[in-house]
Amino acid sequence: MTRFILSRLGYAIPVVLAVLVTNFLLTRLVPGDPVTALIGDFPAPPDYVARLRAEFGLDESVWTQLGLYLRNLAQGELGYSFFNRQPVIDLIAERTVNTLILMVPVLVLSSVLGVLLGMLAAVQKVRWIDVTITALSLGGKSIPIFWSGQVLILLLAVHFKLLPAQGMHSLRGVEPGWPAFVDLVEHWLMPGLIATAFNMAIVARVARVSFKEAMLGDYVTTASATGLPRRTILFGHVLPNALIPVVTVIGHNLTNLLTGTIMVEAVFGWPGIGELFMSSIASRDYPVLQGIFLAVALVTVLANLLTDILYAVIDPRVRDSYVRA
Amino acid sequence: MRPMPMAAIGTALALFAGAALAQGTGGTAIFVLGSDPSGLNRNLSTSTPDGLVACKVYEGLVDVTPEGDIVPRLAESWEISEDGTTYTFHLRDARFHDGTPFTSADVKYTYEEISGKFSSVFSGAAKAIESIDTPAPDEVVLHLSKPYGPLLRTLNCTQGAAILPKHLYEGTDPATNPVTTSEPVGTGPFMFDEWRRGQYVKLAKNPDYWEEGLPYLDAVIGQVLPQASSRTQALMAGEVDYVNFTLLPSNDYMMLEGNPGFTMIPSPVPAIDVMLANTRNPDLADPKVRQAMMMAIDRSQLLATAFNGIGAAATMPFTNRMGWAADADTDFDALYPYDPEKANALLDEAGKARGADGTRFSLSVKYFSTESDSQLEATALKAMLREVGIELVLEPGERVSVIPAVFTNFDYDLALVAYNSGGDPAIGLTRIWSSATEGRNFGNPTGYSSPEVDALFEEGQTATDRATRGRAYAEAQRILGRDLPVLTLHERIAQSGVSAKLQGLEEEYYLPSFRAARFAE
């Protein structure tokens, strides 16, 4: 197993490197000037503009810039944001924490609820669950969040004033401790539940199909024939067999951990990594963009690795194949 | 008279205190930032978020009211020599937020070493100022090489003349100094407290502010809300109290207008929407073509469809809202009334015959995709110009790619841009036509260069009395209205949205300091 993980990590290095170089070149190929975002809307003194350009290394050739970037990266240096005048690592770290606060509960809730709902729909043949799952997943795909999110805000925040409309914290002063936590939860509810609903629908759809198939397996018939209780059959036999496709989907949701909520963050003013990504594109803040690409590449590689390991844990056949290999 | 019992006095005092509270002191006001600031020094950047924060922490020698009057701030009073070349300022007894006294040395250092070298809005004043004397800590004298009309109104924070602490800047690189990038130290009504990037910038009341009793608020917080639609929602939900006119989408005005919970404050600085024509393009080189285009554009229709009826159809190159600089003889409605037939005739005359498909020539039009107004404007213009055989290809783009394409590389045919006047033609309008700003962002990218206009702009800038300045600008507009390198199409009247509870912002300039802002109960 250890050898398996190490070899997988070995493959990851060239993948991450390729992602970084490609994205580096892509960001420079897209037209746009980072200095423009800094100096504002009046004709700035040309000396100042030239000075900024030199300070950011933008007067060098793209290949020199790439070389410098990779050399700094090898030394663990992610660079300095043009726009925020802050080390990239600090910016990304703070925003990542905010995104995780939004997304970790979303992933846990959507995975658990998704599997349960899918199972109920398949096993108990509960019709309303079927309809809900289909409606949610169709809706999630076809109704853009910047519309459904706005409607929720207008309804719950502007009209009924039940929940806050924007952001992660109240700015008018909340006592630390319990009140601050309640305040955070209140801010989480709208973006968190919207993201949960869409992630859950995908999990539930796959789980439903997967459970249905597993229920038709010969081993289920055999188990029933031996008189095993239904619950034992479901959780002992059907669940492990049905779980592999579900784990794939959850793994996919996990790879979207950092960037899957760009729209949710934008609509609800959640100060996460997606919002940083959007604003850094608008200002062509190359160092921050590169930092985010690195973070996303790492998360994707790790999530895939985790999914593979989970396969092995769930399915002994997969585990055996690694051992033999 | 019977002596008043102590209890009654106590009650009276309590009532008095209650009345003071009802009028509102204390509290935290929240204003919107469209993005994180890039820094907190207005003299280095004209980005709105930087200015919205910095002009609460810093002050200029003077400030400007919405009516255009000059009011004292760090300068208590001033005298101007008869020939308009010597300005003597008597400074106030004020302290920077770190306790260091503010002196004339800070003024000299700021103007010479920072505003003069880095600020794009201060550059006119920087060129006019020849030397600065500091005869006493509380006295500073500006010597001008020649008079500069808008000098006084330039010496405020909005125009890149916020007074910075010399003792913290001297010997450093102003662009990377932490005072610029993260921890500003000014003399203003509010002091820097905390900046959580992507979330908010918090400023606390300056307890030692030079004006006794001000500011009223305990704190002001700028909340970062990048989505335009969410700003109005946050205002309506009561989560924020102030959305600057630069950040409030005009589509949302009607949701706030007529709602007693909010007041709308019109922007004190006129702005115009123009179509820049690249005269280097052979199809646009002939003024007749540009005049024909002006006649083919129904500007009242444009006002209704593209700008929600807000503002006014343009009637001159500058703006009607700066009456003193207007020219009575330049009236687009008389010069170029909407008349597609006449436009067609003029285009024929210019030798731009229609091709087999009815098209004379085709032009690209660049604009910022983030501006919803521009999208509607471009669509309407496309329909109008098609009537006269000019085909427009719409090319929306991000600001960071459109700005270099238009202003540095001149790689465009037509561009839709809004220009802020800065309250004076010399500050914000002449740059659109002046030969001196070619190649610079939001300068003159049209390739049009008229020595006559340049000379009139120079006269308008250097004369100190308004009548002379106005005459020069009127004459310049007569030429520009004829040559039309830039088609002024619309006058903006942008509005800030404010919670009705928050008062005292009416007398502030366009980056309000909140010094006299307070909550009413």
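Reckoned from all heavy atoms, side chains included, excluding hydrogens, waters and symmetry mates. It should be emphasised that the depicted structure is a prediction, and the values quoted were computed from it without experimental measurement. A, B, ... follow the sequence lines: proteins, then strands. Residue 1 opens every chain.
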Side-chain contact, heavy-atom cut-off 4.5 Å: [X] with [Y]?
| X | Y | value |
| --- | --- | --- |
| B/Arg197 | A/Asp90 | no |
| B/Ile403 | A/Asp33 | no |
| A/Thr36 | B/Arg399 | no |
| A/Pro271 | B/Tyr200 | no |

Practice task
Decide side-chain contact (heavy atoms from CB on, under 4.5 Å) for B/Arg440 and A/Val49; before the verdict, give the C-alpha distance in whole Å, the side-chain angles of both, and the deciding distance to 0.1 Å.
Solution key: CA-CA 10 Å; B/Arg440 302 212 221 157; A/Val49 175; over 6 Å; no

What residue in [options] has the most heavy-atom pairs under 4.5 Å with chain B?
| options | value |
| --- | --- |
| A/Arg284, A/Arg85, A/Met278, A/Arg172 | A/Arg172 |
| A/Glu94, A/Glu275, A/Arg95, A/Lys161 | A/Arg95 |
| A/Ala266, A/Gly269, A/Ala157 | A/Ala266 |

Exercise for the section: Output the residues of residues 222-229 of chain B for which the shortest heavy-atom distance to chain A is under 4.5 Å, in residue-number order; output 'none' if no such residue exists. Expected result: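 Answer by number: B/Gln223, B/Leu225, B/Pro226, B/Gln227, B/Ser229.
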
Separation between [atom1] of [X] and [atom2] of [Y], rounded to the nearest 0.5 Å:
| X | Y | atom1 | atom2 | result |
| --- | --- | --- | --- | --- |
| A/Gln166 | B/Gln233 | CD | CD | 6.0 Å |
| B/Ser119 | A/Tyr48 | OG | OH | 9.5 Å |
| B/Met236 | A/Leu154 | CE | CG | 8.0 Å |

Handout entry: Structural part of A/Asn84 lying under 4.5 Å from a heavy atom of chain B
Key =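 Answer is both: backbone and side chain atoms of A/Asn84 are under 4.5 Å from chain B.
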
Handout entry: SB check B/Asp173 A/Arg51 (cutoff 4.0 Å)
Key =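 Yes, this pair counts.
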
Problem - All ring pair (Phe, Tyr, Trp, His ring centres under 6.0 Å) counterparts of B/Phe190, not counting sequence neighbours - result: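 If we apply the ring pair (Phe, Tyr, Trp, His ring centres under 6.0 Å) test to B/Phe190, skipping adjacent residues, there are no hits.
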
Exercise for the section: Check for a donor-acceptor pair, side chain of B/Glu239 on one end and backbone N or O of A/Ala165 on the other, with a separation under 3.5 Å. Expected result: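 Looks like yes, one N/O pair under 3.5 Å.
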
